[in-house]
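Here is how names work: the chains are called A, B, and so on, in the same order as the sequence lines, proteins then strands, and each is numbered from 1. Quantities reported herein were computed from a predicted structural model and do not represent experimental measurements.
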Amino acid sequence: MPSSTDFLAHLNPSQRRAVEHYCGPLLVVAGAGSGKTRALAYRIANLVLTHKVDPENILAVTFTNKAAREMKERIERLFAEREAIAKHNKPLEALAPYEQTKIKSYVYKTFTKDLWIGTFHALCGRMLRFDIEKYQPPSGYPKWNRNFSIFDESDAQTLVKDIIASRNYDDKKFDPRSVRYAISNAKNQGQSPADVEREQSNYRGRVIADVYQEYQKRLAENNALDFDDLILLPVQLFRQNEQVLAYWHKRFRHILVDEYQDTNRTQYDLLRLLVTNGENTRQFNDWSYRSIFVVGDADQSIYSFRAADFRILLEFQADFGDSLPDDDTRTMVKLEENYRSTANILEAANYLIENNTERIEKVLRPTRGSGESIYIYCADDEIDEAQFVVNQIRHLEMNNPELTWGSFAVLYRTNAQSRAIEEILVRFGLPFTIVGGLRFYDRKEVKDVLAYLRAIANPADSVSIKRIINTPKRGIGKSTIDRLEQVAAQTGVPLWEVIQDETSVQTLAGRSAKPVIAFAQMLQTWQNEMDSMPTSQLVQKVLEDSGYVADLKAQGTDEAEDRLGNVQELLNAVLQFEEENEETNLTMFLANASLASDLDKTTEGQDKISLMTLHSSKGLEFPVVFLVGVEQGLFPNFRSLEDPAALEEERRLCYVGITRAKERLFITHARERRLYGSREPASPSLFLAELPPELVLSNRAGAVPKKMATPIRAVKAKRAESDLPNTHETDWKVGEKVIHRTFGPGQVTHIFGAGNKICLAIKFPGLGQKIIDPKLTSLEKVQS
DNA sequence: AGACGCAAGGTTTTT
DNA sequence: CCTTGCGTCT
């Protein structure tokens with residue numbers, strides 16, 4: 001009979017140390033591709049299996065919903081495998097489907113159901129559904145209740161804009177975006193409006209504090225929270241209510257946090273409160289049956305603009321640990337073995353990140369062969385760049401049977417850069433998908449339907465009511481809405497109650513009274529029905545009763561057709577949510593929808609070329625990666641050029657990009673780029689100069705003697721490929737001697753491909769074998 | 001109340 | 001260049 005800890009055998013010593021950690025603090029410094037997700041999943045399994053920890057006592061924080069889902073699946077699989085062996089002495093997949101299902105449902109009921117795994121926001125939202133009514137808001141604010149709405153960024157933005165307008169602040173001086181940003185920042189540092197005013201005691205500080213305070217009051221009046229509140233409110237609640245804190249402290253004895261470098265102050269405060277039960281002592285040391293286990297990589301901290309602070313990671317040992325130096329400490333483990341990328345790619349990444357000052361010393365150790373060189377392509381402009389990328393993809397896909405479209409990723413600094421690439425991909429008819437961009441839940445029609453649902457679940461949500469009161473058109477105009485709202489504000493009665501009162505509506509709305517009353521009645525009917533039918537059924541009813549779908553159908557345009565499709569997709573999302581979760585209700589679905597992101601949908605198995613920003617690529621990996629637009633001012637972005645800390649963050653972003661590649665990495669930059677319409681000259685990014693030259697091939701002048709750096713220009717000149725010298729299969733013979741402009745003399749050992757789509761394997765004395773495409777690199781034949 | 005036209009502004013964005 | 005938002009016109 002295999003022991004319950006058999007799975008530990010596959011781990012390297014560092015991973016094993018991490019996974020076997022039981023009580024006390026542990027910082028796992030995990031480089032890219034070092035198996036950290038695995039370590040997290042295994043440790044959770046090990047806590048339950050070896051240390052008999054009740055799953056209820058485990059809290060695991062991930063950075064995306066997708067990561068949470070994958071973690072759950074991984075743990076479920078681990079348990080199921082073990083269960084299969086224990087019960088039937090066979091691996092899981094050797095069992096009949098019926099037995100497999102039985103085991104999986106047993107595993108779910110006894111282990112994974114009670115684990116709390118999710119993002120900070122999802123987990124805090126869940127805690128608040130229990131305890132938000134115990135929170136005492138500042139005086140003058142109404143209390144929140146468990147049906148609270150979650151306002152997304154655009155809701156928040158609109159609210160700030162309204163407030164700035166209503167208080168007659170100059171919106172030139174106080175751009176709603178930057179004010180919203182300042183408020184968000186304050187919340188993420190745990191600062192109240194008063195704190196903001198104290199810290200910034202000039203006019204601007206006073207205005208921001210004033211808007212912040214009013215903003216918070218309006219959120220309370222709408223029984224709504226923004227993303228930041230989801231974390232901040234539990235922190236404040238824990239500080240004001242010992243019993244509530246004690247409950248959660250006792251419950252979550254083992255806390256695990258992934259991507260710890262991206263934690264902000266408020267999230268840190270939350271963790272600290274949960275771990276220490278609010279003890280003030282700097283050195284908390286009652287670690288019986290308790291642990292805090294964080295995993296992160298300061299070199300991959302790329303969200304400081306969202307108030308993430310990787311110094312929290314750097315300070316972990318001072319906060320929770322023994323503060324001993326690296327070699328002696330028992331509270332830090334480094335995972336440095338990389339299982340993802342070739343040695344060349346890793347060396348380039350290591351070499352680049354060495355240029356940063358603020359970091360924990362760490363190198364990625366390769367476990368694989370050296371692989372291909374990194375190729376840097378200097379393009380004429382963004383169109384040439386896109387052509388190069390697409391040509392390379394077609395060429396590689398054709399000549400490497402193991403590569404499919406899904407093996408390729410194109411990564412860029414800004415979303416706008418996807419355009420040029422898209423156009424060329426469309427022209428060649430290649431399948432691709434753009435990850436990120438406009439979220440499904442941000443589409444107008446989806447937001448409309450969600451606003452209906454929010455208004456039903458949370459009548460206090462006036463923002464949602466205003467959104468839908470005249471959508472579709474019911475003849476309720478702006479002036480009517482303004483009047484109703486004014487009365488609501490002046491009498492302190494929520495908008496929802498004002499429109500419920502027929503006599504008030506009659507006097508206020510005049511001609512529009514009828515439709516307002518009809519709307520209010522419709523809303524009330526839905527509210528009464530909400531608990532007596534499944535959410536999916538309610539949604540269907542709302543879509544019909546409201547006339548929303550009928551209105552879209554009546555429009556009959558292509559756009560309306562698209563929107564109908566999205567509305568249908570939303571209904572599918574409700575159905576799927578009901579299937580995946582045992583007990584669901586409207587509020588739970590809405591919370592889920594508010595916290596969902598475009599990055600959560602799985603792209604695996606789609607077999608499409610992925611286009612995304614560098615930020616979105618974190619945590620992913622691809623056999624072939626193209627890093628495009630690597631130019632000074634674009635990447636690093638011009639806003640970072642003056643600020644050393646910001647520049648280091650850009651460098652980490654570059655590091656993230658490089659380490660996404662498993663087999664091959666291409667980096668491109670253009671001499672000239674269209675920017676807001678005009679053509680701007682562009683120069684290569686300083687990061688290019690920070691890559692080890694001996695690992696890089698390039699068509700650029702400067703990297704090599706000038707006169708030889710020409711062959712790619714020939715492609716540019718629209719010459720047929722067959723016209724290029726020495727690019728056809730028949731031009732080459734195994735054993736031929738050549739001179740490469742970077743590697744020097746070498747000998748051809750293999751010819752791959754056929755016709756003019758070929759690659760040569762060339763052995764360079766002292767450098768080993770490299771695979772070279774004669775179309776991309778100048779090779780001089782040596783007569784022997 | 002709604003459509004249309006012009007002006008302004010445009011890093012990244014897990015939640 | 002392209003999107004978004006606001007203001008004016010009907």
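Using a 4.0 Å heavy-atom distance criterion, A:R674 is classed as a sugar-phosphate-only contact. Counting any heavy atom pair closer than 4.0 Å across all strands shown, A:K618 reaches no nucleic acid atom. Note on A:A67: nothing from the nucleic acid sits closer than 4.0 angstrom, heavy atoms only. Among the heavy atoms of the strands, none lies under 4.0 Å from A:D152. Base contact: A:E650 has a heavy atom under 4.0 Å from a base atom.
Relative orientation of the A:W144 and A:Y135 rings is tilted, given thresholds of 30° and 60° on the angle between their planes. Classified by interplanar angle (parallel below 30°, tilted 30° to 60°, perpendicular above 60°), the ring pair A:W248/A:F252 is parallel.
The shortest distance between the side-chain N/O atoms of A:T62 and the OP1/OP2 oxygens of B:dT14 is not below 4.0 Å. Close to B:dT13, at under 4.0 Å from its OP1 or OP2, lies a side-chain N or O of A:T613.
Listed by chain and number, the residues in a ring-ring contact (aromatic ring centres under 6.0 Å, His included) with A:F293 amount to none (sequence neighbours excluded). Remark: A:F316 engages A:Y260, A:F320 in a ring-ring contact (aromatic ring centres under 6.0 Å, His included) (not counting sequence neighbours). Taking the side chain to side chain contact (heavy atoms under 4.5 Å, CB included) definition, one finds that A:S178 meets it with A:D175, A:R204, sequence neighbours left out. Evaluation of the salt bridge (Lys or Arg N to Asp or Glu O under 4.0 Å) rule for A:E382 yields no partner, not counting sequence neighbours. Partners of A:R443 under the side chain to side chain contact (heavy atoms under 4.5 Å, CB included) rule, at least two apart in sequence or in another chain, are A:L438, A:F440, A:E445, A:V446, A:N566. In this view, A:S192 and A:A194, A:D195 satisfy the side chain to side chain contact (heavy atoms under 4.5 Å, CB included) rule, not counting sequence neighbours. Residues that satisfy the side chain to side chain contact (heavy atoms under 4.5 Å, CB included) test with A:D269, not counting sequence neighbours, are A:V235, A:R239.
Straight-line distance between the C1' atoms of B:dT11 and C:dC6: roughly 25 Å, to the nearest whole Å. One P atom belongs to C:dG5, the other to B:dT12, and the distance between them is 16 Å to the nearest Å.
The separation between A:Q632 atom CD and B:dT11 atom P is 18 Å, rounded to whole Å. A straight line from CG of A:D228 to P of B:dT14 spans 14 Å, rounded to a whole angstrom. Summarising the geometry, the separation between CG on A:L653 and P on B:dT12 is reported as 11 Å, rounded to the nearest angstrom. A:L595 places its CG atom 11 Å from the C1' atom of B:dT14, with the value rounded to the nearest Å. If you measure from atom CD of A:E153 to atom P of B:dT13, you get 13 Å, rounded to the nearest angstrom. Note: CG (A:L123) to P (B:dT14) measures 18 Å, nearest angstrom. A straight line from CG of A:D262 to P of B:dT13 spans 14 Å, rounded to a whole angstrom. What separates CD1 of A:I434 from P of B:dT12 is a distance of 14 Å, to the nearest Å.
In this structure, of B:dT11, B:dT12, B:dT14, it is B:dT11 that holds the atom nearest to the side chain of A:S640. In the set B:dT11, C:dC2, B:dT14, C:dC2 carries the atom at the smallest distance from any side-chain atom of A:R419. Side-chain proximity of A:H615 to the nucleotides B:dT12, B:dG2, B:dT14 is greatest for B:dT12. Of the candidate nucleotides B:dG2, B:dT14, B:dT11, B:dG2 has the atom nearest to the side chain of A:K473. With B:dT12, B:dT14, B:dG2 as the candidates, the nucleotide lying closest to the side chain of A:N470 is B:dG2.
By the 4.5 Å heavy-atom criterion applied to side chains, A:P636 and A:L686 are counted as neighbours.
B:dT12 has A:F305 stacked on its base ring, the centres lying under 5.5 angstrom apart and the planes within 30 degrees of parallel.
Side-chain atoms of A:R413 and base atoms of B:dT11 include no donor and acceptor less than 3.5 Å apart.
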At a cut-off of 3.5 Å, list every protein nitrogen or oxygen paired with a nitrogen or oxygen from nucleotides 5-9 of chain C, distance to 0.1 Å.
unit_1: C:dC6; atom_1: OP1; unit_2: A:K161; atom_2: NZ; d: 2.6

Could I get a table of every N or O pair under 3.5 Å where one atom is in the protein and the other is in nucleotides 4-10 of chain B?
none

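Nearest-nucleotide positions on DNA chain B for A:I302 and A:N65 put A:I302 closer to the 5' end.
Without hydrogens or angle criteria, A:H669 side chain to A:S685 main chain gives no donor-acceptor distance under 3.5 Å.
Using a 90° window around 0 for the glycosidic torsion, B:dT11 falls inside it and is classed as syn.
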